[in-house]
Amino acid sequence: MSEQQPSKFQQAITGEWHGIPSVFDADGNHTGFNKVNRASVFEGDRTTYWMETDFRNSGPLRNRFDTAGARFEFGVIDSDSNRVYCGPDFMGSGRPYGLLVDSNYYSPGWNTDLRTVNLILPKHGLQVYSSQLFEADTLVAVFNGLYVVTQDHASNQDTQAFVDSFLQQEQANASKPFILPVKHAGQWRGEFEVYNDSQQLLGSCAVLIDYTPLSLTSAEVTVHLTGAIERTFSYRRSRNNQVHRFEGPDVYGNGRAYGRYLWSTQHFYGEAFKLKSRDTLLDQQGTLCCVWNFYAGGKEQLTAFGVLDWHQGEQILQARYVQP
């Protein structure tokens, strides 16, 4: 790639992004917000990422993550294979898969190692963001939320009003828990893009998830994948507060939700194969945004992502009556 040309992902994120990510402690409790404006700017042969934050939080996490208004700004070595972050605020790199970038980097100011996943959804006009913040392998906090992009925020009052309205909506939705339909059966349907471990697009995968509640906190689920991935698997899932369990027969594992986001690991029975996922409830209609990483023998094999729409079926759990 010519040094004068930005990467495909850099082109996709052109503009100023606006969000107010939620801040959660390690157990999944919502503690506040971090209002953010940010952009990745390509100029000549140089890419600079800047970020302005307003940490609206209380408790010990504020002492750690508040920057007292200091602007983040760091150089990026931009390419379609890796985006390398050169500091001083962040040092590490991100791997683009089409409109997804999966990053791992270190923040000296926060003394945390971050795993950040950003997925751009052009049809929805959104970027679905999350950061898990670690000390070595110990999780200390989670940031997550949705962003919108603008090209004229500084000069257009209509754009400013749109962003203000979006941020208010985000604040109202941010701490809502990851709870799937409680009483109704139905299906999620959609399509994933699928990439191999070399970040090459393999094609698309049709996704159909059958869902039937068993109780107010458990359900039977069957996942059908056809296309670039060919696999069907079933499990019983249950929820206890923000902790989720996957209890066979085909996969076993668990997960923890941080507001609308659920991270989980699911091990396929009798195989050296597992799925690590980040699922996000985008709206009140049950729309899911999924990022699924498949591993074979502990090695990354496939990365798949996309949006699944909820199609509600019959109400399974009905009012009960006792005959006198």
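Below, all heavy atoms of this structure are taken into account, side chains as well, without hydrogens, waters or symmetry copies.
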Next on the checklist: Side chains of Arg46 and Val41, heavy atoms from C-beta outward: is any pair under 4.5 Å?
Outcome noted: no
Next on the checklist: Do Ile209 and Leu308 have side chains that approach each other closer than 4.5 Å (heavy atoms only, starting at C-beta)?
Outcome noted: yes
If only side-chain N and O atoms count, and only distance matters, is there a donor-acceptor pair under 3.5 Å linking [Y] with [X]?
X      : Y      : value
Gln199 : Ser81  : no
Ser103 : Thr116 : no
His224 : Asp210 : yes
Ser130 : Arg278 : yes
Asn293 : Thr303 : yes
Gln266 : Ser264 : yes
Glu193 : Tyr195 : yes
His18  : Thr150 : yes
His30  : Ser22  : yes

Checklist entry - Got more than 12 heavy atoms from elsewhere within 6.0 Å of CD, Glu220? => result no
Next on the checklist: Heavy-atom count check: over 12 atoms from other residues, nucleotides or ligands less than 6.0 Å from Gln157 CD?
Outcome noted: no
Without swapping roles, check the side chain of [X] against the backbone of [Y] for a donor-acceptor pair under 3.5 Å.
X      : Y      : value
Asp164 : Leu167 : no
Asn82  : Val84  : no
Gln11  : Pro6   : yes
Glu191 : Ala206 : no
Asp80  : Lys8   : yes
Ser198 : Gln200 : no
Glu230 : Gly227 : yes
Gln187 : Arg189 : no

Run the ring-centre check on [X] versus [Y] and record whether the distance is less than 6.0 Å.
X      : Y      : answer
Tyr106 : Tyr85  : no
Phe192 : Trp292 : yes
His267 : Tyr252 : no

Same cluster or not: are [X] and [Y] linked, directly or through other Ile, Leu, Val, Met, Phe, Trp or Tyr residues, by side-chain heavy atoms under 4.5 angstrom apart?
X      : Y      : result
Val223 : Phe273 : yes
Tyr97  : Leu202 : no
Leu281 : Ile20  : no
Val163 : Val128 : yes

In Å, rounded to the nearest 0.5 Å, how long is the span from [atom1] of [X] to [atom2] of [Y]?
X      : Y      : atom1 : atom2 : value
Asp66  : Thr53  : CG    : OG1   : 7.0 Å
Ser218 : Asn240 : OG    : CG    : 12.0 Å
Trp310 : Asp283 : CH2   : CG    : 13.0 Å
Thr217 : Leu180 : OG1   : CG    : 12.0 Å
Phe268 : Phe294 : CZ    : CZ    : 6.0 Å
Asp54  : Asn57  : CG    : CG    : 11.0 Å

Checklist entry - Could you walk me through whether Trp110 and Phe72 pass the ring-ring contact (aromatic ring centres under 6.0 Å, His included) check? => result CA-CA 12 Å; Trp110 293 341; Phe72 291 79; 5.5 Å; yes
Next on the checklist: Determine whether Glu314 and Lys183 satisfy the following criterion, salt bridge (Lys or Arg N to Asp or Glu O under 4.0 Å), listing intermediate values before the conclusion.
Outcome noted: CA-CA 9 Å; Glu314 66 174 313; Lys183 296 185 177 182; over 6 Å; no
Next on the checklist: Pair Asp78, Arg83 - check salt bridge (Lys or Arg N to Asp or Glu O under 4.0 Å), show working.
Outcome noted: CA-CA 5 Å; Asp78 177 48; Arg83 289 168 60 82; 2.8 Å; yes
Item to check | Cation-pi check, Arg38 onto Tyr129 ring (under 6.0 Å, within 45° of axis) | outcome: yes
Next on the checklist: Using the rule given for ring-ring contact (aromatic ring centres under 6.0 Å, His included), can you reason through Phe143 versus Phe65, listing the C-alpha separation, both sets of side-chain angles and the distance that settles it, and then say yes or no?
Outcome noted: CA-CA 11 Å; Phe143 302 162; Phe65 296 120; 5.3 Å; yes
Item to check | Trp50 and Phe74: CA distance, side-chain angles, deciding distance, ring-ring contact (aromatic ring centres under 6.0 Å, His included) verdict | outcome: CA-CA 7 Å; Trp50 63 262; Phe74 54 95; over 10 Å; no
Checklist entry - Any ion pair linking Glu135 and Arg64 (charged N to carboxylate O, less than 4.0 Å)? => result yes
Checklist entry - With a 4.0 Å cut-off, would you call Arg71 and Glu52 a salt bridge? => result yes
Next on the checklist: Could you go through Thr222 and Phe233, starting from their C-alpha distance and side-chain angles, then the distance that decides it, and tell me whether this counts as side-chain contact (heavy atoms from CB on, under 4.5 Å)?
Outcome noted: CA-CA 6 Å; Thr222 298; Phe233 54 96; over 6 Å; no
Next on the checklist: Show, in sequence, the C-alpha distance, side-chain angles and deciding distance for His244 and Leu262, and conclude whether the side-chain contact (heavy atoms from CB on, under 4.5 Å) test is met.
Outcome noted: CA-CA 9 Å; His244 295 243; Leu262 172 68; 3.6 Å; yes
Checklist entry - Of all residues at least two apart in sequence or in a different chain, which pass the side-chain contact (heavy atoms from CB on, under 4.5 Å) check with Gln242? => result Asn29, Arg256, Ala257
Next on the checklist: Show, in sequence, the C-alpha distance, side-chain angles and deciding distance for Gln301 and Tyr295, and conclude whether the side-chain contact (heavy atoms from CB on, under 4.5 Å) test is met.
Outcome noted: CA-CA 5 Å; Gln301 185 182 70; Tyr295 296 81; over 6 Å; no
Checklist entry - Checking side-chain contact (heavy atoms from CB on, under 4.5 Å) for the pair Ile120/Leu100: CA distance, chi angles, key distance, verdict? => result CA-CA 6 Å; Ile120 300 170; Leu100 172 80; over 6 Å; no
Checklist entry - How far apart are the C-alpha atoms of Arg260 and Glu170, what are their side-chain angles, what is the distance that settles it, and do they pass the salt bridge (Lys or Arg N to Asp or Glu O under 4.0 Å) test? => result CA-CA 11 Å; Arg260 300 167 289 173; Glu170 273 293 280; 3.1 Å; yes
